[in-house]
Amino acid sequence: MAWTNEDVARQFAEIAALLTLRGEDAFRVRAYERAAAAVGAAPRDLAGLSADEMTAIKGIGASTAKRIVEYLTTGRIAMLEDLRAQVPAGVLELTRIPGLGPKTALLLHDQLGISTVEELRAALDAGSLRGLKGLGAKTEDNLRQSLGRMGAKDTDRVPVADAVALADELCDRLARLPQVRRVTWAGSLRRMRETIGDLDLLAAADDPAPVMAALRDADLVDRILVAGEKKTSVVLRRGIQADLRVVEPDAWGAALVYFTGSKAHNIRIRERAVRKGLTLNEYGLWEVQDPDAAAEAAPVRVAGSTEADVYAALGLQPVPAPLREDAGEVEAAAEGRLPAVVTLADLRGDLHGHSDWSGDGKASLEDMVAAAAARGLEYWAVTDHAEDLTINGLTRDDMRARRRAIAELQDRYAIRILDGAELNIGVGGGVDYDLDFLLDFDFCVASVHTLFNRPREEQTARILAAMEHPAVNVIGHPTGRKIGRRPGYDIDVDAVVAAAVRTGTAVEVNASPQRLDLSGDHVRRAVDAGALLTISSDAHSVGDLASLRYGVATAQRGWATPGGVLNCLPLDGLLEVVNAKRGPGHRRVT
DNA sequence: GCCGTTTTCGGCCCGACTGTTTTCAGTCG
């Protein structure tokens, strides 16, 4: 049961979807959706919890806890099996067609017996949808178009870094319009999720019409989905959807809160507004109108021009965007115990990077050092691959030669160049070279690069063994996942995190947008356990150093503070940690 | 189905846009 929480979350999400299709009470549906989210974000593995401990998690009640226990003990949830038996599998698939929701799916099934996408296609061709209540020619047309595009790459989520580039481009263009006072991107992109489903753009302008027109007419746009007064949606040629909202400047803060989400976070703070006798929408935080008041009485806006105003008026600390996932941040903000999360400016160095001494490095050592220095870093560790990685690794002689190159560069650059290596964790937990040779390095990352599909116990034991080594300072990309390409290898993250605390080894937040490893959820577990993190670019080129922002955002999503991040320490503090790991019997790093 | 510093019962966030309708349902976020 490697991914218990994710498994359970999926079961609940499916229950919610099937209940919706059955036309069940919307609040019951939401309860299951909320339970799915709560389980997915839970800081501990559910397998180790009793039903009582589960209900302590917000969003898990007696009923859902019982179903979790049922799933953990029997591997199935009877309620879900019943639902599956009642709703043909294809009907759920129908709702994945854009513009086709549960009501229409149910109508198609009940009236025409349609329960697969193929049957819908045939029904459209045969013209048998005509005459159905509420389905006119236009809807028929839209469905035909949607079906035509199913299977096209439209629906794929894009990596966060690609989305940032696209969103920046669109914002730059809109910012040039004379009507636009402010423009930015919001949504899951601002929360810095790992992948992005659509781009949410927000602009402040007194006259929205020209701004809407500018997006509709942009050459990046493939087609227009929605063209309203306050909202425009388009699909970009790149295949991703972009939504634009334009508000008056006084509503900027409230609109930014609304448009940043997450949906669950918004619901949470809107409920809080209601309890305070207020109502929150994208135009502001308002006093609730007295129903007896004169119809022409102007509504009173309590807050709206900045996000901080809106949160303050709700009695909340301002919540950094990456934390807005309804994972306890609202409660923490209400109690004034929101963490001061790590920021890019807190990073004093980068502890994982490559030069072209590694076979896969794309820039010279000096170019990398210069680039790290230009970013204002105090230290940079060059951690080229070690000899066991036969394709890219450096022999001992290579490492000695590189050491001379570092010394020569060090004379000319103020930034401290740490002589490092990225070691390979062997199948038994051993690493490259020998102890004596390893103690000549200043800093070592150790990572798994081979044999990804070992059993969980073996894979975990392998990493734990490497953590015991006095020269291993951090475990690189601890789960080995590549986003959208391969899942992580099967390890017990909680055990790794516990060992990190015990051995004084850090765990990496690899900032490469294709890794983001640890993930935000795993970071949260590490933070809760008190493990030390590194936020490292794993740069293989000069440009890769810019990835640090994604590592920082991932650490923020896991509630990490500068105090829990090794490379937020000044150089002497960092070296103290390295020497502490080595223990008294071994050579010191100075 | 969940939840409570007004509540253990009766609430549960709020709005834009489209299409098919003469006042609103469905979908989406």
Side-chain angles (χ1 to χ4, degrees), chain A residues 12 15-16 19-21 23-38 54-68 79 94-108 129-143 146 186-188 191 197-202 208 212 224-234 241-247 251 254-255 257-286 288 314-315 326 330-331 334-335:
Chain A
F12 282 171
I15 289 176
L19 287 174
T20 306
L21 271 173
E24 296 275 344
D25 175 49
F27 296 113
R28 192 166 170 234
V29 172
R30 212 175 91 192
Y32 275 101
E33 285 172 349
R34 193 177 261 186
M54 288 177 198
T55 55
I57 300 172
K58 288 269 195 310
I60 308 293
S63 176
T64 39
K66 214 172 83 188
R67 297 197 201 288
I68 296 171
M79 175 201 188
L94 287 180
T95 63
R96 282 196 256 282
I97 300 169
L100 199 165
K103 288 288 198 298
T104 310
L106 215 54
L107 180 77
L108 292 173
L129 264 60
R130 257 155 252 166
L132 281 184
K133 196 167 155 53
L135 290 185
K138 187 75 189 171
T139 303
E140 218 176 299
D141 226 42
N142 289 342
L143 284 178
S146 289
S188 56
R191 302 200 311 279
D198 53 28
L199 306 179
D200 295 314
L201 309 180
L202 176 67
M212 298 302 187
I224 298 163
L225 297 175
V226 168
E229 219 178 300
K230 304 179 171 179
K231 171 180 169 175
T232 293
S233 292
V234 299
Q241 183 175 329
D243 299 333
L244 171 66
R245 290 290 295 258
V246 183
V247 297
V257 170
Y258 155 75
F259 218 23
T260 298
S262 64
K263 186 175 176 174
H265 175 87
N266 284 351
I267 290 175
R268 186 69 74 191
I269 61 177
R270 285 174 179 201
E271 285 171 349
R272 192 175 167 83
V274 170
R275 283 200 301 278
K276 286 183 169 297
L278 303 168
T279 181
L280 177 64
N281 59 25
E282 55 264 57
Y283 307 110
L285 181 63
W286 309 84
V288 173
L314 289 170
D326 189 24
V330 177
E331 293 83 350
E335 294 165 14

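Letters A, B, ... mirror the listed sequences (proteins, then strands); counts begin at 1.
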Undergrad: Think R28(A) has a side-chain N or O under 4.0 angstrom from the OP1 or OP2 of dG1(B)?
TA: yes
Undergrad: Taking only the side-chain nitrogens and oxygens of T279(A), find out if one of them lies under 4.0 Å from OP1 or OP2 of dC13(B).
TA: no
Undergrad: Compare side-chain N and O positions of R67(A) against OP1 and OP2 of dG1(B) and report whether any pair is under 4.0 Å apart.
TA: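 Checking dG1(B) against R67(A), a side-chain N or O does come within under 4.0 Å of OP1 or OP2.
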Undergrad: Do any N or O atoms from the side chain of N266(A) and from the backbone of I269(A) form a donor-acceptor pair under 3.5 angstrom?
TA: no
Undergrad: Measure from the side-chain N and O atoms of R272(A) to the backbone N and O of L314(A), and report whether any donor-acceptor pair falls under 3.5 Å.
TA: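 Pair found, side chain donor or acceptor close to backbone of L314(A).
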Undergrad: What is the distance, rounded to the nearest whole Å, between atom NZ of K231(A) and atom P of dG29(B)?
TA: 7 Å
Undergrad: OP1, OP2 of dC17(B) versus side-chain N and O of S233(A): anything below 4.0 Å?
TA: no
Undergrad: Across all strands, who's sitting opposite dG29(B) as a Watson-Crick or G-U wobble pair, both distances under 3.5 Å?
TA: dC14(B)
Undergrad: Is a side-chain donor or acceptor of S146(A) paired with a backbone partner of P98(A) at a separation under 3.5 angstrom?
TA: yes
Undergrad: Could you give the CG-to-P distance, from L100(A) to dG19(B), as a whole number of Å?
TA: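 Spelled out: CG on L100(A) to P on dG19(B) is 14 Å.
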Undergrad: Write down the distance between NE2 (H265(A)) and P (dC14(B)), rounded to a whole number of angstrom.
TA: 15 Å
Undergrad: May I ask you to verify if any side-chain N or O of T64(A) is less than 4.0 angstrom from the OP1 or OP2 atom of dG1(B)?
TA: no
Undergrad: Roughly how many Å is it from CG in L135(A) to P in dT21(B), rounded to a whole number?
TA: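 Rounded to the whole Å, the gap is 9 Å.
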Undergrad: When rounded to the nearest 0.5 angstrom, what is the spacing between CG in N142(A) and CD1 in I97(A)?
TA: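 So the CG of N142(A) and the CD1 of I97(A) are separated by 12.0 Å.
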